[in-house]
Amino acid sequence: GYVPAAYPDAGPPLTPSALLVVDRNGARGWIVHLAWPCAKPVDEIKSDTDRFADAAALLAPVLEDTPMISMGAPKAPVEGMLWRADWTAPVKIVAEGFGTVARHPAPAGWTAQGTWKDGVRTARFEIPDWPALAARKLLGIAIWQGAGRERAGLKSVCGDWIPVTA
């Protein structure tokens, strides 16, 4: 595949598991908490091109048959929210397969904040209205640990969509 060929020195993903808690916030909104083990947080990289910030993304399928592991497919997009420890605001992301991620300003009210304490990184996402999540009630997650030089396709992901019961 692409990732092993592009990054031959990369080891396995660093996040074997994460805790995901999804709550409703009003009739249309969502609050999502994501926590994972993180021995060495990376909150800023400044202009150092050899450092990578911790990050996390939430994805939701736009259509019923949208694949998770490939970040969607042509004409079957995913949309989501990307938080990075060194950014002041999250971005909205849309993709139709590997290598197609487009970043957009987050819609009004979309926020994300991260913390690190005692070896655990936590990201809290607040999304007042997310029609794709409301319609499909499925989430995908991706986590990047900067200390492990995880970036782009080097990340930990869930293998399939996670059903949301909130």
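Positions are given from 1, in the same order as the sequence printed here.
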Apply the test side chain to side chain contact (heavy atoms under 4.5 Å, CB included) to residues Leu34 and Ile143: give CA-CA distance (whole Å), side-chain angles for both, the deciding distance (0.1 Å), then the verdict. CA-CA 9 Å; Leu34 185 59; Ile143 296 170; 4.2 Å; yes
Exam field: side chain Thr15 to backbone Ser17, donor-acceptor pair closer than 3.5 Å: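 No, the answer is negative, given that no donor and acceptor are paired below the 3.5 Å cut-off.
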Donor-acceptor under 3.5 Å (Gln113 side chain, Glu126 main chain): no
Which pairs with one or both residues in residues 85-127 pass ring-ring contact (aromatic ring centres under 6.0 Å, His included), sequence neighbours excluded?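 Every ring-ring contact (aromatic ring centres under 6.0 Å, His included) pair that includes a residue of residues 85-127, provided the two are not neighbours, is Trp110-Trp130.
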Point-to-point distance, once rounded to the nearest 0.5 Å, from CG of Leu58 to CH2 of Trp83: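 If we round to the nearest 0.5 Å, Leu58:CG and Trp83:CH2 are 11.5 Å apart.
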Taking the side chain as every heavy atom from C-beta outward, state whether Thr66 and Leu138 have any atom pair closer than 4.5 Å.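 Thr66 does not reach Leu138 side chain to side chain.
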If you define the side chain from C-beta out and look only at heavy atoms, does anything of Gln145 sit under 4.5 Å from Trp36?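 Counting from C-beta outward, Gln145 and Trp36 do come under 4.5 Å.
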Among residues at least two apart in sequence or on other chains, which ones pass salt bridge (charged side-chain N to carboxylate O under 4.0 Å, His left out) with Arg84?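 By the salt bridge (charged side-chain N to carboxylate O under 4.0 Å, His left out) rule, Arg84 matches Asp86.
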I'd like to know whether CZ of Arg24 has more than 12 heavy-atom contacts from other residues, nucleotides or ligands below 6.0 angstrom.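 Enclosed: over 12 neighbouring heavy atoms sit under 6.0 Å from CZ of Arg24.
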Side chain to side chain contact (heavy atoms under 4.5 Å, CB included) involving Ala73 - partner list, sequence neighbours excluded: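 Only Pro67, Ala76 meet the side chain to side chain contact (heavy atoms under 4.5 Å, CB included) criterion with Ala73.
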Assess the residue pair Met68 and Leu59 against the criterion (side chain to side chain contact (heavy atoms under 4.5 Å, CB included)); give the C-alpha distance rounded to whole Å, side-chain angles, the decisive distance to 0.1 Å, and a yes or no. CA-CA 8 Å; Met68 169 31 219; Leu59 300 173; 4.1 Å; yes
Same apolar cluster (I L V M F W Y, side chains within < 4.5 Å links), Val32/Val164: yes
